[in-house]
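Presented below is the structure to which this report refers.
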Amino acid sequence: QVQLVESGGALVQPGGSLRLSCAASGNIFRINTMSWYRQAPGKQRELVATVTSGSSTNYADSVKGRFTISRDNAKNTVYLQMDSLKPDDTAVYYCNVNLREYSRIYSRDYWGQGTQVTVSS
């Protein structure tokens, strides 16, 4: 019943900017931690950024100072603002949301479908 829909991926030149969005919908009781991961072909998926329910944030060293994660609780949406993009940022970006549904007594992780970010001249 819960669905995560991502948007915002594109082809962009080095030094450019993009903003990714991920909106959660369904029978959601409470959203806990929201995160962004990325994965390049043939490589391990890595954690990029996390924002907690208290709006505390953490970033991978490779994106500190360039990326900003934020959340809009009224819209059940998490964003990733990406500035000063580099070719090494090229990957499929996935959102991950830990939440509890009304019909469950436990919380679990849900994944978005992924959105392609390509940084190239």
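For this chain, numbers begin at 1 and follow the sequence in order.
The nearest pair of heavy atoms linking Met82 to Tyr93 is SD-CE2, 3.9 Å. In this structure, Ala49 and Leu80 approach most closely via the heavy-atom pair CB-CD1, 4.3 Å. Summarising the geometry of Arg66 relative to Ser84, their closest heavy-atom pair is NH1-O, 3.0 Å, with the distance given to 0.1 Å. Annotation for Cys95 and Leu4: closest pair SG-CD2, 3.7 Å, computed over non-hydrogen atoms.
Atom CG in Asn32 sits 4.5 Å away from atom OG in Ser107 (nearest 0.5 Å). The distance from the OG1 atom of Thr118 to the CG atom of Leu85 is 11.0 Å, given to the nearest 0.5 Å.
Between the side chains of Asn73 and Arg71, at least one donor-acceptor pair of N or O atoms lies under 3.5 Å.
Ile31 and Val5 fall into different hydrophobic clusters, defined by Ile, Leu, Val, Met, Phe, Trp and Tyr side-chain heavy atoms under 4.5 Å apart, directly or through other members. Linking ILVMFWY side-chain heavy atoms closer than 4.5 Å, directly or via other members, places Ile69 and Leu99 in a single hydrophobic cluster.
Here the side chains of Val92 and Arg38 are not in contact, with every heavy-atom distance at 4.5 Å or above. Between Tyr59 and Val48, the closest side-chain pair of non-hydrogen atoms is not below 4.5 Å. Considering only heavy atoms from C-beta on, Asn96 stays 4.5 Å or farther from Trp36 through its side chain. Glu6 has its side chain within reach of Tyr94: a pair of non-hydrogen atoms, C-beta onward, lies under 4.5 Å apart. Two residues are said to be in side-chain contact when any heavy atoms from C-beta on lie closer than 4.5 Å; Thr33 and Thr50 meet this criterion.
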Practice task
Show your reasoning for whether side chain to side chain contact (heavy atoms under 4.5 Å, CB included) applies to Ser70 and Val51.
Solution key: CA-CA 7 Å; Ser70 61; Val51 58; over 6 Å; no
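Atom CZ of Arg45 sits in a crowded spot, with more than 12 heavy atoms from other residues, nucleotides or ligands closer than 6.0 Å.
The hydrophobic cluster containing Tyr102, built from Ile/Leu/Val/Met/Phe/Trp/Tyr side-chain heavy atoms closer than 4.5 Å, also comprises Phe29.
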Return all side-chain donor-acceptor pairs below 3.5 angstrom for residues 9-28, not counting sequence neighbours, or 'none' if the list is empty.
unit_1	atom_1	unit_2	atom_2	d
Ser17	OG	Asp83	OD1	2.8
Asn27	ND2	Gln1	OE1	3.3
Asn27	ND2	Ser103	OG	3.3

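Looking at Lys64 and Asp61, a side-chain N of the basic residue comes within less than 4.0 Å of a carboxylate O on the acidic one, giving a salt bridge.
Taking the six-membered ring wherever Trp is involved, the centroid distance between the rings of Tyr37 and Trp111 falls below 6.0 Å.
The backbone N or O of Lys75 sits less than 3.5 Å from a side-chain atom of Thr77, completing a donor-acceptor pair.
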